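Just below is one structure, and these are the notes that go with it.
Sequential numbering from 1 along the given sequence is applied to the chain's residues. Keep in mind it's a predicted model, so treat the numbers as computed, not measured.
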Amino acid sequence: MNFGTKSFQPRPPDKGSFPLDHFGECKSFKEKFMKCLRDKNYENALCRNESKEYLMCRMQSECVQLMAPEPLEKLGFRDLMEDKPEAKDDF
């Protein structure tokens, strides 16, 4: 049995990991989020707006791809969306 015949090519995960912000494009959003976490004793549920803003910055970054665009609903922010469809009375 020859173990040297197969070569393993590692690849990054599709989700859950993204490049560092070397140019600091979203640094202010990150700092705002981190401050919120510290102020709220690291209860991340209390800092969801800051988290959403940070991820939006990363997705909208034009110089480098910090994060692939993804609908905020898929990232768990459905309840924070401003464009919520209003309930219609159909009777």
Side-chain angles (χ1 to χ4, degrees):
M1 186 171 211
N2 187 354
F3 290 105
T5 58
K6 291 186 178 181
S7 72
F8 175 71
Q9 295 294 330
R11 66 179 186 87
D14 293 333
K15 301 222 186 274
S17 174
F18 40 73
L20 297 175
D21 185 6
H22 292 289
F23 299 108
E25 295 178 67
C26 298
K27 185 176 181 177
S28 63
F29 293 98
K30 179 191 80 167
E31 293 300 323
K32 185 178 176 184
F33 174 61
M34 295 304 295
K35 180 181 181 331
C36 179
L37 286 176
R38 285 189 298 272
D39 293 346
K40 307 286 184 177
N41 294 320
Y42 296 93
E43 291 287 334
N44 64 337
L46 301 175
C47 299
R48 293 188 66 234
N49 281 317
E50 290 80 1
S51 175
K52 181 183 85 160
E53 290 173 2
Y54 174 60
L55 292 175
M56 285 174 53
C57 176
R58 291 190 65 95
M59 288 187 285
Q60 295 169 354
S61 171
E62 294 181 14
C63 294
V64 293
Q65 292 181 325
L66 294 176
M67 185 175 171
E70 188 78 36
L72 289 171
E73 294 87 0
K74 285 189 173 184
L75 297 175
F77 296 105
R78 181 181 306 265
D79 60 321
L80 298 180
M81 299 301 297
E82 294 175 10
D83 302 13
K84 291 183 183 178
E86 295 183 18
K88 294 181 181 178
D89 294 330
D90 291 332
F91 48 99

Calculate, to the nearest 0.5 Å, the distance between atoms [atom1] and [atom2] belonging to [X] and [Y] respectively.
X   : Y   : atom1 : atom2 : value
L66 : Y54 : CG    : OH    : 7.5 Å
M34 : D39 : CE    : CG    : 11.0 Å
R38 : F33 : CZ    : CZ    : 11.0 Å
F29 : D21 : CZ    : CG    : 11.0 Å

**Request:** Kindly give the heavy-atom pair with the smallest separation between M59 and E70, and that separation in Å.
**Result:**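 Distance-wise, the nearest heavy atoms are SD-N, 3.1 Å.
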
**Request:** Could you list the residues that satisfy side-chain contact (heavy atoms from CB on, under 4.5 Å) with E31, not counting sequence neighbours?
**Result:**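 In terms of side-chain contact (heavy atoms from CB on, under 4.5 Å), with neighbours along the sequence ignored, E31 is linked to K27.
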
**Request:** Please name all residues satisfying side-chain contact (heavy atoms from CB on, under 4.5 Å) with F77, sequence neighbours left out, ordered by chain then number.
**Result:**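 Partners of F77 under the side-chain contact (heavy atoms from CB on, under 4.5 Å) test: R48, S51, K52, L55, L72, L75, L80.
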
**Message:** So if I apply the side-chain contact (heavy atoms from CB on, under 4.5 Å) rule between C26 and each of M67, R58, Q60, which one comes out positive?
**Reply:**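 For C26, the side-chain contact (heavy atoms from CB on, under 4.5 Å) check succeeds only for R58.
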
